[in-house]
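Below is one structure; the comments refer to it alone.
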Protein chains: 2
Amino acid sequence: MTAARELNYFGPDPRARSLRQGRSGIVGVIIEDRVLNSFRDPMTLAALDGISQELGEGSGMLLLTAVGDGESTIQSAVFDAAIFMGCSPHLARSIEIMRQRNIPMVAIEGQAFDGVLAVSLDNREAARRIAQVVHDLGHTRVATVTLPLDALRSLRPLSEEIVAGATTAVSIDRLEGARDVFPDLDGVVAASSSSDDGLEAGLRLLTGSVSSRPTAILAQSDLLAVGVIRAAEQLGLAVPADLTVVGFDGARIEGFSDYQLTTMKQPATEKGRAAGAAVTALLAGEPASDVSFASVLRMGNTAGPVPG
Amino acid sequence: MTAARELNYFGPDPRARSLRQGRSGIVGVIIEDRVLNSFRDPMTLAALDGISQELGEGSGMLLLTAVGDGESTIQSAVFDAAIFMGCSPHLARSIEIMRQRNIPMVAIEGQAFDGVLAVSLDNREAARRIAQVVHDLGHTRVATVTLPLDALRSLRPLSEEIVAGATTAVSIDRLEGARDVFPDLDGVVAASSSSDDGLEAGLRLLTGSVSSRPTAILAQSDLLAVGVIRAAEQLGLAVPADLTVVGFDGARIEGFSDYQLTTMKQPATEKGRAAGAAVTALLAGEPASDVSFASVLRMGNTAGPVPG
DNA sequence: GGCCAGAATCGAATCGATTCGATCGGTGTG
DNA sequence: CACACCGATCGAATCGATTCGATTCTGGCC
């Protein structure tokens, strides 16, 4: 020990250790967007927190943004397992590389991929359930505000063309669920999941003649729903008297306490924990299987019968 | 190439490569709190985004939570340089380890540490400036809502005992700056930087007799200020007619557009970029020096003259 | 005192890429 | 034709810890 101190030796070199053991204790977390956008979403953040809870002390999370080619980092970085936050076709190449490297992969939400363990939510079923609630209240003029369907980040009207070229499984599933109840459901695609984008989307949907204006709006996230409610307020519409708004996520939203949002509550932290646990199991050589979570309907006070 | 393919060889092994080269292309980002709490703060998130911008493709960010002993991960993880998000005495041991390992370190905000490059803000000076604005408006009954001063996360009255045992440099500096103008400044310590905690703090400060109630509140973050304004609204106080509220940060806050907050705007993303650039320089063997940023006063409409 | 099991110590091989020095092959010039 | 020079190819050493097999040491027991 004294000799070690004299020689200025301070513990094993992580690099050498990881080479020899074939383990680094690092789990790669791959996000598709840039950091700022990804982590603004409370669900993503909660999932990340869940992952870190489950991985615990022994291991760190390596944040990799899979923008553009992005392979450089993914190919050269040291990590034992990968967790994808959302899984779109853009990742095909990255997934191929990891498969060849024999790196276990887990995806939280998103398209199913061969060799990638899926931690998913009953998006379609949950969207259908809450749409059914709105339907049962008697609404027929219904519109939706969807999360981004592809890489483009801008507000635009929902078109079949966009749907056909959509890559974000979550948004697609939730849209399909809503359309199971309202087959002709139309609306807008939001630029991102934020209340400001929801506000913009809400204004777009709600400015129009009273007779054509929707009486209910299905937002694909709570942040969007909050924005829509703010839009309604700006236009002098009362919620839920004049307009029914429902969300999705069950997020606790800062500074939004006047209403109790009617929404589908999803276990975001648990999704992260499940992903972390799956990764741990896979690394230990134990078998692991897909995990699917169910959302719970939370009746708030933002949905009511058709006005008039 | 064909031979390589036949042998199932897919590029160099990152572990071996990092051992030989002594470089891994990974930068450790050390946060003191758990993920969920750290990244809820828009300033921290912006800084993280700035870091990732600057590091660019070649390298990833390894998220390390330095909770408790936490050394296990810090000691065993592979990374070339470290960026601390806030730098408190709790990190002394971790810093010691890295220094011995010869790992360059950069700290965004926080206490100065030997061998740790500082990227900092003019917290004290900025706090003094905005306090002066409030002072010049004639306010004398002034209170503050500070960010957490230590590891304890709960709302409590500001006491000299707490100040004496404080570890969070940012909060201390901002408090001192405010006290440069209002020497006897009193108030409460918030549980965290959120509008909900600000609301709670605001309610605590504003419920009392009209004669003893403060006419101005200096919040140490914009989120806290927003909460205080919501508290004022709940109590039927108009801002800024009945109560002046100023913040700190210059954050864009979701769903808060009724007011334009009077605050000190700080360049959060730039802080992150500076940290990233410093790390890059240090790794390249180039010299780098401390960076200090200045905040800019943004006059909004939440500060006004003393009522009555 | 001798022998053996078990513990402790030691040396060598390994992980996989990189890097350096040393050949080897080829071209160009005197 | 020979020599020098440049690039390409090759082999060996290196990075630092771990692991395995072998050797040495210790103690207990006959």
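Just so we're on the same page: letters track the sequence lines, and every chain starts at 1.
For the pair B:R17 and C:dT18, the criterion of a side-chain N or O lying under 4.0 Å from OP1 or OP2 is met.
End-to-end axis angle of the helix from C:dG1-D:dC30 to C:dG30-D:dC1, using five pairs per end and rounding to 10°, comes to 60°.
Of the N and O atoms on the side chains of B:S24 and B:D80, at least one donor lies less than 3.5 Å from an acceptor on the other residue. With hydrogens and angles left out, the side-chain atoms of B:S221 and B:D249 include no donor and acceptor closer than 3.5 Å.
Here the nucleotide nearest the side chain of B:A16, chosen from D:dA17, D:dT18, C:dA17, is C:dA17.
Whole-Å rounding puts the B:R15 CZ to C:dT18 P distance at 15 Å. A straight line from CZ of B:R20 to C1' of D:dA12 spans 12 Å, rounded to a whole angstrom. Between the CG atom of B:D13 and the P atom of C:dC15 there is a distance of 12 Å, rounded to whole Å. Computed from coordinates, the B:R23 CZ to C:dG16 C1' distance equals 20 Å when rounded to whole Å.
Annotation: side chain to side chain donor-acceptor pair (under 3.5 Å) contacts involving residues 103-127 of chain B, sequence neighbours excluded, comprise B:E109-B:N123, B:E109-B:K271, B:D122-B:S295, B:N123-B:R174, B:R124-B:E176, B:R124-B:D180, B:E125-B:R128.
Contact of the B:L283 side chain with the B:R23 side chain is registered, since non-hydrogen atoms from C-beta on lie closer than 4.5 Å.
With sequence neighbours left out, the salt bridge (charged side-chain N to carboxylate O under 4.0 Å, His left out) criterion links B:E270 to B:R273.
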